[in-house]
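Below, all heavy atoms of this structure are taken into account, side chains as well, without hydrogens, waters or symmetry copies. Numbers here simply count residues along the sequence, with the first being 1.
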Amino acid sequence: MKILHIAVHLGGGIGTVLRNWIRLDRQNEHTILILNKNYYGKEEGSNIVENLRGKYKKINSYIENSDIVIIHFWNHPFLFEFLIKNRLPKCRLCFWSHVSGLTPPYVYSEKIINYSDKFLLSSPISYNSDIKYMSREIKNKVSVVWTTGGIDKYLTTNKTLSPKFIIGYVGTLDYSKIHPNFIDSCERILHKIPSALFVVCGTGGDEDKIKNEVNTRKLAESFNFMGHIKNVEDIFSTFDVLGYPLNKNHFGTCEQVLGEAMSCKVMPVVLNNPAEKYIVENYGKVCNSMEEYVEMIKALPSRQ
């Protein structure tokens, strides 16, 4: 089959999922249309066309020549612009949602779900969104397919010891995702574990603000900002713990970094938000507040 993917970009979990799906799927032909610039490199075995915002005639020509069209859905103005302004030709249309739908503005409407032939959630937690109030006809279009990129390569990761106690964070550096008191919590942890090193991997809209707060608090020597990391398993091998406190209203669902970290035998410490609580269960530490998060990490065995 000819499978067409339409997305705003290939950052975060969606890039990991598509990269591994395409690598393993030798029976079908995959093409990815990117509304924005592709910042993350070409996916093996795929045809990627970027910078397609507003180029509806070109997009529709791909749709007409595809067996299945998958729109990778999250709240982005480029995607809504595409859905509103473009009239899609007839096709088998699937939406795969990469947001939880639990808190505004990351919500689902009946119109969005009804636009598709099939609407896929990426985690069962999304059944607790506004979907539960929708008609039976709408609900019949909805099912779950976890967005996972696989964990095989993480299972053989060997631990690399460091004289520092390394607390890692891998993810989006935006306060819509990471907890707004993240740096404050790091400073309080340093009071108990002065040898701690916070290794922060990722990019995002608040990256500069986060770095400025680190500098203002004079904590720069205790932080290593690594930006976007491709071979994240090499970084996980250096972590003593994954400190992953997220904003209580964040949009995430599968949080692949949690599965990857646990596969590398790195314990995650998280807050009791729906996504993290559902995934971590008894394999990590789930905290009820940022105060409890700080105390939990401070209580871990460390090489001081």
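Between Glu221 and Leu197, the closest heavy-atom pair is O-CD1, 4.2 Å. When all heavy atoms of Ile210 and Ile183 are compared, the closest pair comes out as CG2-CD1, 3.8 Å. Across all their heavy atoms, Ser237 and Thr157 have their closest contact at CB-CG2, 3.4 Å.
For the atom pair CG of Asn47 and CD1 of Ile32, the computed distance is 9.0 Å after rounding to the nearest 0.5 Å. In this structure, CD1 on Ile297 lies 11.5 Å from CD on Glu292, to the nearest 0.5 angstrom. Rounding to the nearest 0.5 Å places OH of Tyr154 at 5.5 Å from CD of Glu233. A distance of 9.5 Å separates CG in Asp130 from OG in Ser109, rounded to the nearest 0.5 Å. Atoms CG and NZ, from Asn65 and Lys2 in turn, are 6.0 Å apart once rounded to the nearest 0.5 Å. Between atom OG of residue Ser185 and atom OH of residue Tyr293 there is a gap of 5.0 Å, rounded to the nearest 0.5 Å.
Not a single donor-acceptor pair under 3.5 Å links the side chain of Asn28 to the backbone N or O of Ile3. In this structure, Ser195 contributes its side chain and Lys164 its backbone to no donor-acceptor pair below 3.5 Å. Side-chain atoms of Arg53 never come within 3.5 Å of backbone atoms of Glu50 as a donor-acceptor pair (strictly under, hydrogens ignored). Distance alone, capped at 3.5 Å, places no donor-acceptor pair between the Asp67 side chain and the Met1 backbone. Side-chain N or O atoms of Asp117 include none that pairs as donor or acceptor with a backbone N or O of Cys94 at under 3.5 Å. The backbone N or O of Gly54 sits nowhere less than 3.5 Å from a side-chain atom of Lys85 that would complete a donor-acceptor pair. The backbone N or O of Pro89 lies less than 3.5 Å from no partner atom in the side chain of Glu64, so there is not a single donor-acceptor pair. The main-chain N or O of Leu155 is never found under 3.5 Å from a side-chain atom of Ser263 such that the two would form a donor-acceptor pair. One N or O on the side chain of Asn247 and one on the backbone of Tyr175 form a donor-acceptor pair closer than 3.5 Å.
Val145 and Ile68 fall within a single hydrophobic cluster, where Ile, Leu, Val, Met, Phe, Trp and Tyr side chains are chained together by heavy-atom contacts under 4.5 Å. There is a path of hydrophobic side-chain contacts, each under 4.5 Å, that joins Met134 to Leu121. Residues Ile151 and Met267 fall within the same hydrophobic cluster, defined by Ile, Leu, Val, Met, Phe, Trp and Tyr side chains chained together at heavy-atom separations under 4.5 Å. Both Leu88 and Ile59 are assigned to one and the same hydrophobic cluster, defined by single-linkage of ILVMFWY side chains at heavy-atom distances under 4.5 Å. Connection of Ile167 to Leu219 is established within a shared hydrophobic cluster, with ILVMFWY side chains joined at heavy-atom distances below 4.5 Å, either directly or through further cluster members.
At a cut-off of 3.5 Å, with distance as the only test, no side-chain donor of Tyr62 or Thr31 sits close to an acceptor on the other residue. Side-chain atoms of Asp174 and Thr172 form no donor-acceptor pair, as typed in the model, at a separation below 3.5 Å.
Counting heavy atoms of neighbouring residues, nucleotides and ligands inside a 6.0 Å radius, atom NZ of Lys285 does not exceed 12 of them. Remark: Lys132 NZ is packed, more than 12 non-hydrogen atoms of other residues, nucleotides or ligands lying under 6.0 Å away. Heavy-atom contacts from other residues, nucleotides or ligands closer than 6.0 Å to OH of Tyr283 number 12 or fewer.
In this structure, the side chains of Tyr108 and Val142 stay at 4.5 Å or more apart for every pair of heavy atoms. In this structure the side chain of His250 reaches within 4.5 angstrom of the side chain of Glu276, judged on heavy atoms. Under the 4.5 Å side-chain criterion, counting only non-hydrogen atoms from C-beta, Ile6 is in contact with Ile63. Within the 4.5 Å cutoff, no side-chain heavy atoms of Leu173 are placed close to those of Asp206. Side chains of Ser143 and Leu120 form a contact here, defined as non-hydrogen atoms less than 4.5 Å apart. Between Tyr106 and Asn249, every side-chain heavy-atom pair lies at or beyond the 4.5 Å cut-off. Between Ile113 and Phe95 there is no side-chain heavy-atom pair separated by less than 4.5 Å. When side chains are defined from C-beta on, Leu83 counts as touching Ile71, because their heavy atoms get closer than 4.5 Å.
Here Arg217 pairs with Asp184 in a salt bridge; the nearest charged N to carboxylate O distance falls below 4.0 Å. Salt bridge status for Glu255 with Lys177: present, with a side-chain N to carboxylate O gap under 4.0 Å.
When the options Ser122, Ser123, Ser97 are evaluated for a side-chain hydrogen bond (donor to acceptor under 3.5 Å, both in side chains) with Thr253, the one that passes is Ser122. Applying the ring pair (Phe, Tyr, Trp, His ring centres under 6.0 Å) test between Tyr169 and each of Phe182, Phe198, Phe236 identifies Phe182 as the sole match.
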For this session: Take His72 and Trp74, measure what ring-ring contact (aromatic ring centres under 6.0 Å, His included) needs, and give me the verdict at the end.
Result: CA-CA 7 Å; His72 295 274; Trp74 65 88; 7.7 Å; no

For this session: In sequence, state the C-alpha distance, the side-chain angles, and the governing distance for Lys209 and Glu213, and then conclude on salt bridge (charged side-chain N to carboxylate O under 4.0 Å, His left out).
Result: CA-CA 6 Å; Lys209 188 182 295 185; Glu213 185 176 356; over 6 Å; no

